[in-house]
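Reminder, nothing fancy here: chain letters follow the sequence lines and each chain counts from 1. Just so it is clear, the model here is predicted, and its values are computed rather than measured.
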Number of protein chains: 2
Amino acid sequence: MKELKQRSTCPISTSLDVLGDKWTLLILRDMVFAGKCTYGQFLQSAEKMATNILADRLVILESQGILTKAVAADKKSKFTYRLTEKGVDTVPIIIELILWGAKHCPTVIDPGLLEELQNGKDVAVEKYQRLAREKSLA
Amino acid sequence: MKELKQRSTCPISTSLDVLGDKWTLLILRDMVFAGKCTYGQFLQSAEKMATNILADRLVILESQGILTKAVAADKKSKFTYRLTEKGVDTVPIIIELILWGAKHCPTVIDPGLLEELQNGKDVAVEKYQRLAREKSLA
DNA sequence: CTTTACACTTGCAAATTGCAAGTAAATATA
DNA sequence: TATATTTACTTGCAATTTGCAAGTGTAAAG
């Protein structure tokens with residue numbers, strides 16, 4: 001259990017106390033948009049997260065109630081991470097980050113996804129939240 | 001000019017390369033929601049940012065084209081920071097952080113603002129973007 | 001001509017990150 | 001049954017970043 005230092009009572013500041021670093025939201029991205037749910041899968045992303053950082057962030061995310069950890073159905077030596085509702089509620093943040101990055105920075109994004117997000121943000125948010133919930137029930 | 005290390009071409013990852021830390025978005029928050037525009041004003045926030053961190057982040061934000069720096073109208077020893085359109089476009093991200101923090105963490109928020117954001121997110125985003133633009137023209 | 005306001009800069013200890021290697025338990029293979 | 005592999009971490013350590021306190025430089029005010 002890692003305790004979190006809250007700098008102020010401001011909701012923005014407090015959100016950043018939890019999510020404000022270069023790695024945490026990438027784990028959530030991988031869960032929501034790539035359907036990943038194990039330690040090994042998280043390590044395979046293009047950004048090459050260090051193993052100790054990943055382990056540390058998973059502990060924080062779990063202690064913050066953003067995801068849960070459970071032994072995998074197929075193997076006892078494997079764990080499955082699932083999003084809680086608090087985790088599912090980060091989808092709008094992630095989607096805004098996608099839109100800002102795609103608009104203002106040199107990035108590569110699937111044109112279909114971009115169009116989907118631009119044409120109806122609310123619909124897209126609900127879709128990816130639903131998918132994330134379904135995945136977390138499996 | 002601080003060069004930015006881009007970890008991948010993913011728009012989320014790239015957005016986090018720029019905005020993903022505990023301080024940068026607080027500066028933008030202060031500009032959008034508190035109308036702040038000087039070094040001294042940024043230092044007065046509840047989170048007590050260190051002076052060297054603030055100076056460093058302002059250089060990064062400027063070199064990333066998120067804000068501009070200019071000598072103040074009243075004093076030559078004073079600078080005014082203004083948001084560019086790239087900066088104004090972070091408003092949706094900030095608003096999602098407000099909503100997530102207010103919903104899931106122990107925070108204090110003006111009930112009027114929260115209601116405004118919940119009742120019509122798009123309208124609120126446009127309102128605060130317009131206010132930020134007006135401030136940046138002054 | 002001294003003081004104040006403002007915007008930084010510097011120095012340094014502490015914390016965090018990034019990299020490589022090692023550990024440990026459960027499974028798969030010979 | 002013995003050995004190898006998969007999976008999930010842990011450890012050690014150098015390098016970077018942060019946080020705190022103090023100092024610097026310039027313009028305006030008294």
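One atom, CG of A/Asp21, and another, C1' of C/dG18, lie 14 Å apart when rounded to the nearest Å. With rounding to whole Å, A/Arg7 atom CZ is found 12 Å from D/dC20 atom P. Remark: P of D/dT7 and NZ of A/Lys69 are 16 Å apart, rounded to the nearest angstrom. Rounded to an integer number of Å, the gap from A/Asp74 CG to D/dT6 P is 15 Å. If you take NZ of A/Lys75 and P of C/dA24, they are 20 Å apart, rounded to a whole angstrom. Put simply, CG on B/Leu54 is 18 Å from P on D/dT17, counting in whole angstrom units. Going from atom CD1 of A/Ile60 over to atom C1' of C/dA15 covers 13 Å, rounded to whole Å. Note: CG (A/Leu58) to P (D/dC9) measures 7 Å, nearest angstrom.
Closest approach to the B/Ala55 side chain among C/dC6, C/dC8, D/dT10 is made by C/dC8 (side chain taken as heavy atoms from C-beta onward).
Contact annotation: A/Lys76 side-chain N/O to C/dA24 OP1/OP2 distance is not under 4.0 Å. Applying the 4.0 Å criterion to OP1 and OP2 of C/dA7, one finds that B/Tyr81 has every side-chain N and O outside that range. OP1 or OP2 of D/dT17 has not a single side-chain nitrogen or oxygen of B/Arg57 nearer than 4.0 Å.
Interface residues of residues 22-53 of chain B facing DNA chain D, ordered by number: B/Trp23, B/Thr51, B/Asn52, B/Ile53; criterion, heavy-atom separation under 4.0 Å.
Between B/Lys22 and A/Asp17 there is no salt bridge, since no side-chain nitrogen of the basic residue lies less than 4.0 Å from a carboxylate oxygen of the acidic one.
With sequence neighbours left out, the side chain to side chain donor-acceptor pair (under 3.5 Å) criterion links A/Lys76 to no other residue.
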**OP:** Could you walk me through whether A/Glu134 and A/Arg130 pass salt bridge (Lys or Arg N to Asp or Glu O under 4.0 Å), step by step?
**Re:** CA-CA 6 Å; A/Glu134 285 168 9; A/Arg130 183 173 47 76; 3.4 Å; yes
Original post:
Would A/Phe33 and A/Tyr128 satisfy ring-ring contact (aromatic ring centres under 6.0 Å, His included), going step by step from the backbone distance to the final call?
Top reply: CA-CA 8 Å; A/Phe33 288 96; A/Tyr128 287 100; 4.7 Å; yes
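With B/Glu47 contributing its side chain and B/Met49 its backbone, the two residues share no donor-acceptor pair below 3.5 Å.
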Distance-only donor-acceptor hits, side chain of residues 84-99 of chain B, under 3.5 Å, sequence neighbours excluded:
from, atom 1, to, atom 2, distance (Å)
B/Thr84, OG1, B/Gly65, O, 2.6
B/Thr84, OG1, B/Ile66, O, 3.1
B/Thr84, OG1, B/Lys86, N, 3.3
B/Thr84, OG1, B/Gly87, N, 3.2
B/Glu85, OE1, B/Arg133, NH2, 3.3
B/Glu85, OE2, B/Arg133, NE, 2.5
B/Lys86, NZ, B/Gln64, O, 2.8
B/Asp89, OD2, A/Lys103, NZ, 2.9
B/Asp89, OD2, A/His104, NE2, 2.6
B/Thr90, OG1, B/Gly87, O, 2.6
B/Glu96, OE2, B/Lys121, NZ, 2.9

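Looking at heavy atoms from C-beta onward, A/Asp30 lies out of side-chain contact with A/Gln44 at the 4.5 angstrom threshold.
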